[in-house]
Amino acid sequence: MMNKEPIKHHYIPQFILRNFCFDGGNRLYYFNKKTSEICERKTNEIFMVRNLYRDNINNPDEPAKIEKDMARFESEVSRIIAEKFLRENEISISLEDNEKLKLFFALMGFRSKITSNTFGAGASEESKGIYFLYQKNGDLSDFWKRNLGKLVNCRSLKEVCEHNEIDDPIKIFMCRDILGIFGLYFIVAERRGTFDFVISDSYPTIIYGEMENGLELILYSIIPISPDRVILLVANGATAAPERVRVLNDEVLRMPKINMNRKIITIHVRKIYEREVEYLNSALIKEAHEGVAFRDKSRVMLPIAPNIK
């Protein structure tokens with residue numbers, strides 16, 4: 001019997017969603033922002049679109065190739081997150097894995113349902129003017145899938161930049177999301193106190209801050225990986241913003257140590273408490289397009305009193 005092609009294409013991997021399940025299996029709670037309802041859901045029912053990455057143009061003989069290549073990349077990253085970021089308090093990763101993770105999380109933003117829409121029905125006239133230079137037939141959905149199919153087989157920004165078949169605007173996006181303006185680095189924050197972390201369909205969720213001169217900059221991105229831990233992708237110079245803007249203190253946002261001789265980065269897990277957890281969750285909920293998921297209803301604060309089903 002032939003294997004069926006995958007139809008449910010998740011823009012947030014199930015290996016991450018399973019960390020938020022309450023039964024040790026595949027069920028979690030989901031808050032729908034539009035209806036203000038909390039429902040039980042299986043991980044394969046949320047943060048997905050049917051045939052989102054199906055590509056009959058560039059891969060006519062294997063239309064599900066992007067989804068399959070994505071699954072392979074997810075498998076590589078899941079081992080790093082499970083063995084390092086979820087278990088250890090002193091996380092040592094190679095520079096190679098650091099680059100791989102940065103590309104993976106940049107890809108999470110590019111592969112999302114919302115991004116797919118900006119290259120489809122939601123494409124602006126300004127975007128069309130730029131991308132039509134690279135997509136002569138005007139099919140921006142094909143432009144998105146064509147580049148996504150190449151990106152998912154890269155493992156570093158260097159590979160992306162050297163790839164002859166990835167279009168220049170997409171290379172610029174990846175440079176922005178991986179390098180920032182002055183550089184980006186990973187921090188792992190672990191919650192203490194009453195509240196668990198939620199996970200949003202805006203993944204990663206970007207936190208902006210306004211400097212004293214009025215300039216608005218990206219301070220960090222929030223990447224939940226379990227109810228207990230989030231990864232923060234922090235911009236160099238974020239600590240220069242006033243603490244009332246960034247909320248997280250200098251100690252939490254301090255850059256990890258890099259041993260250049262051994263090519264190892266050591267990340268010490270930082271503890272954050274109720275005020276900070278509540279702030280991060282509020283940002284995740286605010287920026288969610290459709291909803292958020294979580295493990296325990298009693299350990300999250302939602303913006304309004306929801307209906308529970």
Side-chain angles (χ1 to χ4, degrees), residues 2-17 44 47-81 96-97 99-124 127-179 201-204 221 223 289:
M2 295 182 63
N3 292 330
K4 292 183 179 180
E5 291 184 346
I7 295 175
K8 294 182 177 181
H9 296 177
H10 284 77
Y11 49 90
I12 298 180
Q14 288 193 80
F15 81 82
I16 292 176
L17 294 180
N44 67 357
F47 305 150
M48 69 87 187
V49 177
R50 293 179 184 274
N51 292 314
L52 179 61
Y53 310 121
R54 186 175 179 83
D55 185 1
N56 294 304
I57 297 175
N58 301 290
N59 301 296
D61 297 328
E62 193 180 4
K65 186 177 187 303
I66 293 177
E67 174 66 6
K68 292 176 181 177
D69 289 346
M70 201 83 72
R72 184 166 56 251
F73 199 175
E74 289 175 6
S75 178
E76 296 172 26
V77 170
S78 68
R79 288 193 292 271
I80 300 172
I81 290 179
E96 180 182 14
D97 281 346
E99 289 295 311
K100 181 184 292 187
L101 286 172
K102 284 185 178 180
L103 175 58
F104 180 78
F105 291 125
L107 193 59
M108 289 302 96
F110 188 71
R111 72 185 276 192
S112 71
K113 176 182 176 181
I114 295 300
T115 301
S116 74
N117 187 55
T118 65
F119 290 101
S124 67
S127 296
K128 291 176 182 178
I130 297 172
Y131 302 132
F132 282 1
L133 297 174
Y134 300 88
Q135 190 71 24
K136 299 302 182 182
N137 66 357
D139 186 348
L140 293 188
S141 178
D142 177 40
F143 172 82
W144 177 65
K145 290 180 182 179
R146 177 168 53 79
N147 281 281
L148 182 59
K150 306 304 178 185
L151 286 170
V152 75
N153 285 292
C154 296
R155 295 297 183 267
S156 69
L157 180 59
K158 183 174 184 291
E159 288 183 32
V160 171
C161 292
E162 292 178 351
H163 202 300
N164 293 329
E165 296 181 71
I166 297 176
D167 292 320
D168 289 342
I170 306 306
K171 290 179 179 180
I172 292 171
F173 290 160
M174 291 296 110
C175 287
R176 177 199 64 190
D177 292 346
I178 293 172
L179 296 178
D201 60 8
S202 176
Y203 198 86
S221 296
I223 307 167
H289 303 286

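As the structure is a prediction and not an experimental result, all values here were calculated from the model.
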Using a 4.5 Å cut-off on heavy atoms from C-beta on, say whether the side chain of [Y] contacts that of [X].
X      : Y      : result
His9   : Arg50  : no
Asp139 : Ile57  : yes
Lys102 : Leu157 : no
Tyr11  : Asp201 : yes
Met70  : Leu148 : yes
Trp144 : Thr118 : no
Arg72  : Lys68  : no
Lys150 : Cys154 : no

Might you point out which heavy atoms bring [X] and [Y] nearest each other, and give the distance in Å?
X      : Y      : result
Gly149 : Ile66  : CA-CG1, 3.9 Å
Ile130 : Pro169 : CG2-CG, 4.5 Å
Pro204 : Ile223 : CB-CG1, 3.6 Å
Asn51  : Pro6   : OD1-O, 4.2 Å
Cys161 : Lys171 : O-NZ, 3.1 Å

* Structure fact -> Sequence neighbours excluded, the answer for salt bridge (Lys or Arg N to Asp or Glu O under 4.0 Å) partners of Lys65 is Asp69

* Asked: Are Tyr131 and Phe119 close enough that their ring centres sit under 6.0 Å apart?
  -> yes

* All pairs passing ring pair (Phe, Tyr, Trp, His ring centres under 6.0 Å) where residues 61-81 contributes a residue, at least two apart -> Phe73-Phe104

Rounded to the nearest 0.5 Å, what's the gap from [atom1] on [X] to [atom2] on [Y]? Could you check?
X      : Y      : atom1 : atom2 : value
Asp167 : Tyr134 : CG    : OH    : 7.0 Å
Asp177 : Leu103 : CG    : CG    : 10.0 Å
Asn137 : Phe143 : CG    : CZ    : 11.5 Å
Glu5   : Glu62  : CD    : CD    : 7.5 Å
Phe15  : Arg79  : CZ    : CZ    : 10.5 Å
Gln135 : Lys128 : CD    : NZ    : 13.5 Å

* To do: Check Ile16, Asn44, Leu52 against His10 for a side chain to side chain contact (heavy atoms under 4.5 Å, CB included) and give me the one that passes.
  => Asn44

* **Residue Lys113 excluded, over 12 heavy atoms near NZ under 6.0 Å** => no

* **Results of side-chain hydrogen bond (donor to acceptor under 3.5 Å, both in side chains) for Glu76 - residues two or more places apart only** => Lys100, Arg155

* **Lys/Arg N to Asp/Glu carboxylate O, Lys158 vs Glu99, below 4.0 Å** => no

